Structures are given as structure tokens and as C-alpha cells.
Amino acid sequence: MGSLMSCLSDPCPSGNRSPPLQAKRRSSTSSRGRGGRDSAKASVSFDEEALAAAAALVLGQRGAAGGLGAFERSASVRYAAKRQSQGPPLPRSSSTRPRSLADPELQPQQLLAKDLNTKDLETNVIVLVHGGGFGAWCWYKTISLLEDSGFKVNAIDLTGSGIHSYDTNKISSLSEYAEPLTSYLKGLGGAEKVILVAHDLGGVCVSYAMEMFPSKVAKAVFLCAAMLTNGNSALDMFQQQMDTNGTLQKAQEFVYSNGKDRPPTAINIDRALLRDLLFNQSPSKDVSLASVSMRPIPFAPVLEKLVLTAENYGSVRRFYVETTEDNAIPLPLQQSMCGANPPEKVLRLKGADHAPFFSKPQALHKTLVEIATMPPPVQAS
């Protein structure tokens, strides 16, 4: 997350760690209920449900001391009947601000070519990988839009993130952190492929997965994400540029669960500075959702250096999506990564902060559809 911990050195060797619990994949293929007798009233009801659900995620901690059952993530399933009886569909944007020209409210069919059939694509399956501190919950707008456009969508909770119950402080390696993603890819059939979309620190996990399972990844999209070169870590990348306004240094709070004489085990973000650092262009309701849903960022994956080869990682088509108003990974740092490790194409979301799934959901959706439908480049003869 941003230009992290430039003064810190690699961690001391740690003892054996308990293996993480098996994460459940989030498959959002449920049909959605429609409507609201009154769109404004329905939107308020939906916001209250989302905030209540997020609070349950954080306070309930699946599997903790009372043995609560698995949390039912999709409000659209639980409230489908009620919404179907209410009439016209809910507006897809939760923003209460006037829409800008950079992110107009469009129906999904307006974002796709009329003759497009997603079943004709190399793959119509998109896997969303959240960033540090986030969880699958942050993609709720993107999931809805992509599903309405005919895609099959899965949003992964990485180890110790979202509703995955493992203790973040016990994560000791990148492989441990990325295990829910690699398990998902490992379980695909021999000919199945997916499009991976990574946000923030999720870019490190996606790069790791590309190296392990190149034949399972049709395309990889780095959304204001860490796109590293071989032999580098996220910390190495962030050290390339100092945080000029000091927001990150003020916002980060290190957790030392192994004692002050050992490296940090996790990083917390000061809730009072969330908006300035991550959500400076996002609607207030989404900032509220994040404030009750975000969890600590595991520190070990930030330090670990990637091993990437041209034969595996380099064989996957890569795309980078820049965010122009990003205070966590500023635009110059994003451009530096693209210069050092050029993707097939760079796209840009104007006016987007570090959470474009909140601040520019329509523009993000249009960009993802564009990438998903992009044919292979013509090879020079």
C-alpha cells in the first residue's frame, strides 16, 4: 500500500506456522432481484443491508467462539423475493454525488457491442483479487455489472482477508497469503481459463499465480496494482518513490505480534485517514463500508521477492489500468512499473482514486469488458 516502510529490513527467520484454514471461494453467480418501489428508498435500504452485512463480517469472525454458521454473502439472494415485488430495478451506482462525464451511468448493454456473446470469448470467467486490507466485499458493484453483461464472476478472499478467519499476523509467506487463489486455479479443469483482475497488493498474488499456472490464465489485469519484475518485492517497488505528502506514513500503524524486537507482522490503516489515502474520490457510503470491513495487511508478502520467468509469467497477456487521483500508489509510480515491466496495453481511469470499484464503477466495468473482448495482437510476419 503506497511507498511502504523504506527504512525496514528483511524479517528475521520465523518458526513454523499453522497452515491457513481453507478459504471458501466466492461465486457470485446468483440471480439478482430487481427493483425498488422508489429507487431512492430502495437505495437506502440496500445501503443499510450492506453496512449491516459488513459489520457482521468484522464482528462475527466466522468460526469464532460461538460457532456461527457460514455467512450468507449475497443480499440479492436473501432479499430477492422482496425486491422482485417492488417494481423497477435498483440504480447500479451507490454514489450520492452528481455523476461526472468520466463515469456516466450506463446500462450494461450500452457498455457492450450489441452482437457480443460472452460465450464466444476465450473465457467469460473473471476472477477478482482484492488488495491489501480489502476483501471480496469491495467488488460488489463490479460483480453486479459484469454478471449483468454475461460474465461469470468469482471474488476471492485471500488468507486472513474478508471473511477468511485466519489470523493475519500468522501469515509468514506469499504462498500462504495467495493460497485461496492458487487453490482455485488448481481446481480448474484442464482446458479452463480465467481472466485475473488484481488490485493493489493483489498484484503480487496474481503475479505469483501466473508463474504457477500460466496455462489457466488467459489475461491478467493490474488495477492500480503492484506489477513487479523478477527478483523484486512490493517493498522494493514502493521504495522507488517517496510519499511526497506524508499521508501514508501518517496512516500506517505497524503490528508487532512477535514482539518489538522482531519485524512487524501486519499493518493497520488509521480509520481517520482512510478517505484521504484510499477513497478521496469515493462516495461516503462506500467509505463507511470499508471502515467496518477492512482488516490488517499481512507484512510478510510485502517483503517477499518474486521469482518470475519468461516461460511462465511472461507467456500471459498483461494489461495495466492506471488511476489518476490515486494517493496510495500515485500515478508516477504506476507509470514507473509499466515502464520497467511493459504490459500489452495501458488503460486509464480518469478521476479514479485507489478504489476505482467505488469511485468509477461504470468506467471500470467498461474497461474490463474492453480488455476481456480484446483479441490477441496480430503477429508480424
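All values reported here derive from a predicted model rather than from experimental measurement.
One hydrophobic cluster, built from ILVMFWY side chains closer than 4.5 Å, cannot hold both Leu273 and Phe254; they sit in different ones. Hydrophobic clustering keeps Ile171 apart from Val255 (ILVMFWY residues linked when any side-chain heavy atoms are closer than 4.5 Å, directly or through intermediates).
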Could you walk me through whether Tyr313 and Met210 pass the side chain to side chain contact (heavy atoms under 4.5 Å, CB included) check?
CA-CA 5 Å; Tyr313 171 86; Met210 291 163 64; 3.6 Å; yes
Run the side-chain hydrogen bond (donor to acceptor under 3.5 Å, both in side chains) check on Asn258 and Thr265 step by step: do they pass?
CA-CA 7 Å; Asn258 295 329; Thr265 53; 5.6 Å; no
Give the C-alpha distance, both sets of side-chain angles, the deciding distance and a yes or no for side chain to side chain contact (heavy atoms under 4.5 Å, CB included) between Tyr320 and Asn341.
CA-CA 10 Å; Tyr320 200 93; Asn341 189 16; over 6 Å; no
Show the numbers, then the answer: is there a side chain to side chain contact (heavy atoms under 4.5 Å, CB included) between Val153 and Trp139?
CA-CA 10 Å; Val153 188; Trp139 299 105; over 6 Å; no
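Using a 4.5 Å heavy-atom cutoff, the side chains of Leu368 and Ile195 are not in contact. Side-chain contact check for Thr168 versus Arg295: some heavy-atom pair is nearer than 4.5 Å. Between Ile371 and Val321 there is a side-chain heavy-atom pair separated by less than 4.5 Å. Contact check for Glu325 versus Asn280: side-chain heavy atoms found under the 4.5 Å cut-off. Side chains of Cys338 and Phe222 form no contact here, defined as non-hydrogen atoms less than 4.5 Å apart. For the pair Thr182 and Tyr208, the minimum side-chain heavy-atom distance is below 4.5 Å. Inter-residue side-chain proximity for Asn169 and Pro296 is flagged as unmet; no heavy-atom pair is nearer than 4.5 Å. By the 4.5 Å heavy-atom criterion applied to side chains, Leu289 and Tyr140 are counted as neighbours.
Applying the side-chain hydrogen bond (donor to acceptor under 3.5 Å, both in side chains) test between Thr323 and each of Lys350, Gln334, Lys360, His354 identifies Gln334 as the sole match. Among Val206, Val197, Ile126, Thr367, the single residue meeting the side chain to side chain contact (heavy atoms under 4.5 Å, CB included) criterion with Val221 is Val197.
Residue Asn124 holds its CG atom at 11.0 Å from CG of Leu146, rounded to the nearest 0.5 Å. Between atom CG of residue Leu278 and atom CG of residue Asp353 there is a gap of 8.0 Å, rounded to the nearest 0.5 Å. Considering NE2 of His130 and SG of Cys205, their distance stands at 8.0 Å, rounded to 0.5 Å. In this structure, CG on Leu364 lies 6.0 Å from CG on Leu349, to the nearest 0.5 angstrom. In this structure, CG in Leu228 is found 11.0 Å from CD in Glu304, a value given to the nearest 0.5 Å. In this structure, Lys170 NZ and Glu176 CD are separated by 10.5 Å, a value rounded to the nearest 0.5 Å.
Across all their heavy atoms, Phe358 and Pro283 have their closest contact at O-CD, 3.6 Å. Across every non-hydrogen atom of Asn230 and Val307, the tightest pair is OD1-CA, 3.4 Å. Contact record, Ala209 with Leu185: CB-CD1, 3.6 Å, taken as the closest heavy-atom pair. The two residues Leu306 and Ser207 have their closest heavy-atom pair at CD1-CB, 3.8 Å. The two atoms that bring Gly132 and Asp200 nearest to each other are N-OD2, 2.9 Å, heavy atoms only. What you find for Pro180 and Thr159 is that their closest heavy atoms are CD-OG1, 3.2 Å.
For Tyr166 and Asp157, the side-chain atoms include no donor-acceptor pair closer than 3.5 Å. For the residue pair Ser284 / Arg275, a side-chain donor-acceptor distance below 3.5 Å is found, with atom types taken as modelled.
Looking at residues two or more places apart in sequence or on another chain, you find no side chain to side chain donor-acceptor pair (under 3.5 Å) involving Lys219. The side chain to side chain donor-acceptor pair (under 3.5 Å) test applied to Ser233 returns Asp236, not counting sequence neighbours. When the side chain to side chain donor-acceptor pair (under 3.5 Å) test is applied to Ser173, the partners found at least two apart in sequence or on another chain are Ser175. Legend: residues meeting side chain to side chain donor-acceptor pair (under 3.5 Å) with Ser215, ordered by chain and number and at least two apart, are absent.
Aromatic ring pairs are classed by plane angle as parallel below 30°, tilted from 30° to 60° and perpendicular above 60°; the pair Phe134 and Phe279 is perpendicular.
When atom types are taken as modelled, the side chain of His199 and the backbone of Ala355 share no donor-acceptor pair closer than 3.5 angstrom.
Among pairs with a residue in residues 185-198, those fulfilling salt bridge (Lys or Arg N to Asp or Glu O under 4.0 Å) read Glu122-Lys193, at least two apart in sequence or across chains. Within the structure, salt bridge (Lys or Arg N to Asp or Glu O under 4.0 Å) pairs that include any residue of residues 330-347 comprise Arg317-Glu344, Lys345-Glu370 (at least two apart or interchain).
The pair Lys250-Asp276 fails the salt-bridge criterion, with no side-chain N (NZ, NE, NH1 or NH2) lying under 4.0 Å from an Asp/Glu carboxylate O.
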